[in-house]
Amino acid sequence: MSKRILVAGGSHADIPVILSAKRAGYEVITSGNNPEDFGHPYGDLYISADYSNPEAVLNVAEKFHIDAIVASANDFSALSCAYVAEKLSLPGHDRFETAEVLHHKDRFRALAQRIGLKVPKAIRITKKETTKLRTLPFDYPVMVKPVDLSGGKGMTRVETPSQLANALQKAFSATRKDYIVIEEYIQGSNHGYSTFLVDGKIVFAFMDDEHYFLNPFLVSGASTSLKYSKTISQKINRQLETLAQELQLANGLLHVQFILQDEDPFLIEICRRTPGDLYVKLVEYATGFPMAEALIDFVSGNIPNDFSITDMHWVTRHCVMAKKNGKICGLSHGSFENKIIDKMVFFKQGDEIRNYLTYKAEIDHILFENKKELKDFQEKLTSEIRIRLCE
């Protein structure tokens with residue numbers, strides 16, 4: 001009987017992980033509420049189950065006697081996987097209580113401040129408390145966020161006290177909780193940092209520069225970092241290793257988003273699952289390190305033998321988005337056509353874009369010859385690789 005692994009999801013972002021699991025000899029079961037997700041055909045069996053519901057995922061895991069479980073590119077999935085792994089004694093995941101601390105913004109902020117990590121000042125506020133809110137313990141502008149969502153959902157930057165009420169309403173409308181967070185706004189450049197932990201120590205790390213299009217809270221691209229330095233990396237590693245010690249984190253993937261301000265990294269978001277939109281491929285193309293394979297190793301209870309970066313390449317992962325709603329007539333790549341090394345296409349000619357702030361027609365991975373070429377071409381991406389709307 002073959003080994004079975006449950007992927008708590010099955011979107012396009014999960015395809016590299018699904019394929020790595022199959023190469024490792026697993027029978028792959030995918031899940032989620034959407035049978036049309038791109039990743040399901042790459043697995044062996046799709047079971048409809050809400051991966052944001054830990055009990056629903058546990059039911060699937062028990063029914064099919066799985067040997068391992070891996071999260072999709074979603075925080076709810078990571079939480080459900082931790083829950084199932086704890087119930088069934090599966091490797092590669094934290095205790096469910098620990099996973100909640102990491103993936104809920106209010107709890108992570110509170111812990112981070114207690115153990116001395118560099119994070120924005122923040123307060124948690126309930127619906128009832130909003131009526132009594134008069135002042136904040138930090139200056140405007142501030143960020144208002146749901147505690148349990150990613151991708152900028154329900155988030156608002158608030159410039160003045162008069163804008164706060166609407167921002168609070170938006171956050172409460174989006175969250176599944178009855179509380180949200182308000183935190184100080186940190187000015188700086190946005191970055192991601194993907195690591196693997198072994199016995200509480202960082203054994204692999206990759207830093208990216210994040211790119212945004214028209215939606216200021218939705219990452220539309222990322223590239224090999226032009227701002228990376230050993231000093232920055234060491235500062236983040238120290239913080240993450242302190243966190244790992246405090247929470248006794250399991251071996252495996254740990255990803256953070258941070259804002260760099262004058263060489264100081266402020267940790268903004270943290271998770272124990274892959275980022276979305278084929279980020280795994282960005283890491284693999286940029287470093288040569290098989291990130292998806294390593295992830296499968298860890299949830300199988302194994303530790304890879306080699307975490308070395310064979311060579312650093314200058315790569316951008318670019319999500320192609322539109323400037324407005326409309327019907328798609330085509331897509332142009334301009335001078336980037338010959339630099340694209342990997343392309344995943346979602347659109348068909350004639351498709352209607354109804355929310356241009358979140359819609360993605362295609363994901364391109366683009367390889368540049370050197371650091372200077374990446375820097376020079378980065379500004380041209382959104383003007384040359386563009387969706388052509390029908391007039």
Side-chain angles (χ1 to χ4, degrees), residues 5 13-26 68-71 73 78 81-82 85 90-94 98 102 191-209 222-258 265 267 269-276 278-315 317 342 365 367 371:
I5 190 170
D14 305 320
I15 293 173
V17 173
I18 293 169
L19 293 177
S20 289
K22 289 181 73 69
R23 287 193 294 270
Y26 280 104
I69 189 168
V70 62
C81 286
L90 299 175
H93 297 274
D94 299 314
T98 300
L102 291 177
H191 305 271
Y193 196 72
S194 266
T195 74
F196 281 99
L197 286 170
V198 174
D199 297 332
K201 298 294 183 183
I202 303 294
V203 294
F204 171 87
F206 171 76
M207 174 176 161
D208 71 66
D209 297 342
S223 60
T224 309
S225 180
L226 298 171
K227 294 193 174 185
Y228 168 86
S229 73
K230 187 174 288 188
T231 299
I232 295 169
S233 182
Q234 288 172 342
K235 286 181 178 180
I236 302 174
N237 287 355
R238 281 196 294 269
Q239 295 192 69
L240 296 185
E241 289 176 356
T242 297
L243 179 69
Q245 267 193 344
E246 176 69 22
L247 294 178
Q248 292 297 292
L249 295 182
N251 294 336
L253 175 68
L254 180 65
H255 180 83
V256 295
Q257 289 178 284
F258 70 95
L267 305 185
E269 308 291 350
I270 190 162
C271 62
R272 303 221 67 181
R273 47 85 176 172
T274 60
L278 302 177
Y279 186 91
V280 167
K281 284 193 171 187
L282 168 65
V283 176
E284 294 182 354
Y285 285 132
T287 67
F289 178 72
M291 183 176 181
E293 290 180 14
L295 187 60
I296 296 301
D297 278 337
F298 278 109
V299 299
S300 302
N302 305 317
I303 297 176
N305 296 319
D306 186 6
F307 290 94
S308 60
I309 294 176
T310 55
D311 192 17
M312 186 60 72
H313 299 282
W314 302 97
V315 182
R317 178 210 61 186
D342 194 311
H365 285 84
L367 176 64
K371 182 177 182 178

**Q** Whether the side chain of Ser194 engages the backbone of Phe206 through a donor-acceptor N/O pair (distance < 3.5 Å, no angle test) should be reported.
**A**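 No, the answer is negative, given that no donor and acceptor are paired below the 3.5 Å cut-off.
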
**Q** From Lys371 NZ over to Ser223 OG, what is the distance, rounded to the nearest 0.5 angstrom?
**A** 11.0 Å

**Q** Which residues satisfy the salt bridge (charged side-chain N to carboxylate O under 4.0 Å, His left out) test with Asp208, sequence neighbours excluded?
**A** none

**Q** Considering only heavy atoms from C-beta outward, does the side chain of Val203 approach that of Ile303 to under 4.5 Å?
**A**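 Of all side-chain heavy-atom pairs linking Ile303 with Val203, none is under 4.5 Å.
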
**Q** Is the His255 ring parallel, tilted or perpendicular to the Tyr279 ring (thresholds 30°, 60°)?
**A** perpendicular

**Q** When you measure from the side chain of Asp14 to the backbone of Ala73, do you find a donor-acceptor pair of N or O atoms at a distance under 3.5 Å?
**A** yes

**Q** Are any of the side-chain heavy atoms of Met207 and Ser233 separated by less than 4.5 Å?
**A**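 Answer no - side chains too far apart.
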
**Q** Roughly how far, to the nearest 0.5 Å, is the CD1 atom of Ile232 from the CG atom of Asn237?
**A** 11.5 Å

**Q** So does Gly200 get a backbone contact from the side chain of Gln245, meaning a donor-acceptor N/O pair under 3.5 Å?
**A** no

**Q** Please find the pair of heavy atoms, one from Phe258 and one from Gly192, that lie closest to each other, and give the distance.
**A** CE2-O, 4.0 Å

**Q** In sequence, state the C-alpha distance, the side-chain angles, and the governing distance for Leu243 and Leu267, and then conclude on side-chain contact (heavy atoms from CB on, under 4.5 Å).
**A** CA-CA 12 Å; Leu243 179 69; Leu267 305 185; over 6 Å; no

**Q** Got a second to check how far Gln234's CD is from Thr231's OG1, nearest 0.5 Å?
**A**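 Gln234 CD to Thr231 OG1: 6.0 Å, rounded to 0.5 Å.
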
**Q** Output yes when a side-chain donor or acceptor of His93 lies under 3.5 Å from a complementary backbone atom of Ile69, and no otherwise.
**A**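 Here the side-chain-to-backbone pair exists.
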
**Q** Side-chain donor-acceptor pairs under 3.5 Å in residues 286-299, sequence neighbours left out?
**A**
{"unit_1": "Thr287", "atom_1": "OG1", "unit_2": "Val283", "atom_2": "O", "d": "2.7"}
{"unit_1": "Thr287", "atom_1": "OG1", "unit_2": "Phe289", "atom_2": "N", "d": "3.0"}

**Q** Tell me, with the steps shown, if Leu282 and Leu278 meet side-chain contact (heavy atoms from CB on, under 4.5 Å).
**A** CA-CA 7 Å; Leu282 168 65; Leu278 302 177; over 6 Å; no

**Q** Any idea which heavy atoms bring Tyr193 and Ala205 closest together, and the distance?
**A**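 Scanning both residues completely, I find the closest heavy atoms to be OH-CB, 3.3 Å.
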
**Q** Let me confirm one number: the CD1-OG1 distance from Ile202 to Thr195, rounded to the nearest 0.5 Å.
**A** 3.5 Å

**Q** Distance from Ile270 atom CD1 to Leu254 atom CG, nearest 0.5 Å?
**A**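 So the CD1 of Ile270 and the CG of Leu254 are separated by 4.5 Å.
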
**Q** Let me see the working for Asp94 and Leu247 under side-chain contact (heavy atoms from CB on, under 4.5 Å), right down to the final yes or no.
**A** CA-CA 9 Å; Asp94 299 314; Leu247 294 178; over 6 Å; no

**Q** Has Arg272 got a side-chain atom pairing as donor or acceptor with Leu253's backbone, closer than 3.5 angstrom?
**A** yes

**Q** Nearest 0.5 Å, what's the CG-CD distance between Leu197 and Glu241?
**A** 7.5 Å

**Q** Give a yes or no answer on whether the side chain of Asp209 reaches the backbone of Leu226 with a donor-acceptor pair at less than 3.5 Å.
**A** yes

**Q** Is there a donor in the side chain of Thr224 and an acceptor in the side chain of Tyr285, or the other way round, less than 3.5 Å apart?
**A** no

**Q** Is a donor from one side chain sitting under 3.5 angstrom from an acceptor on the other, for Ser300 and Asn302?
**A**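 Their side chains do not contain a donor-acceptor pair, so the 3.5 Å distance test is not met.
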
**Q** Looking at side-chain heavy atoms only, is the closest gap between Phe204 and Ile309 below 4.5 Å?
**A**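 In contact.
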
**Q** With a 4.5 Å limit on heavy-atom distance, are the side chains of Pro16 and Glu284 in contact?
**A** no

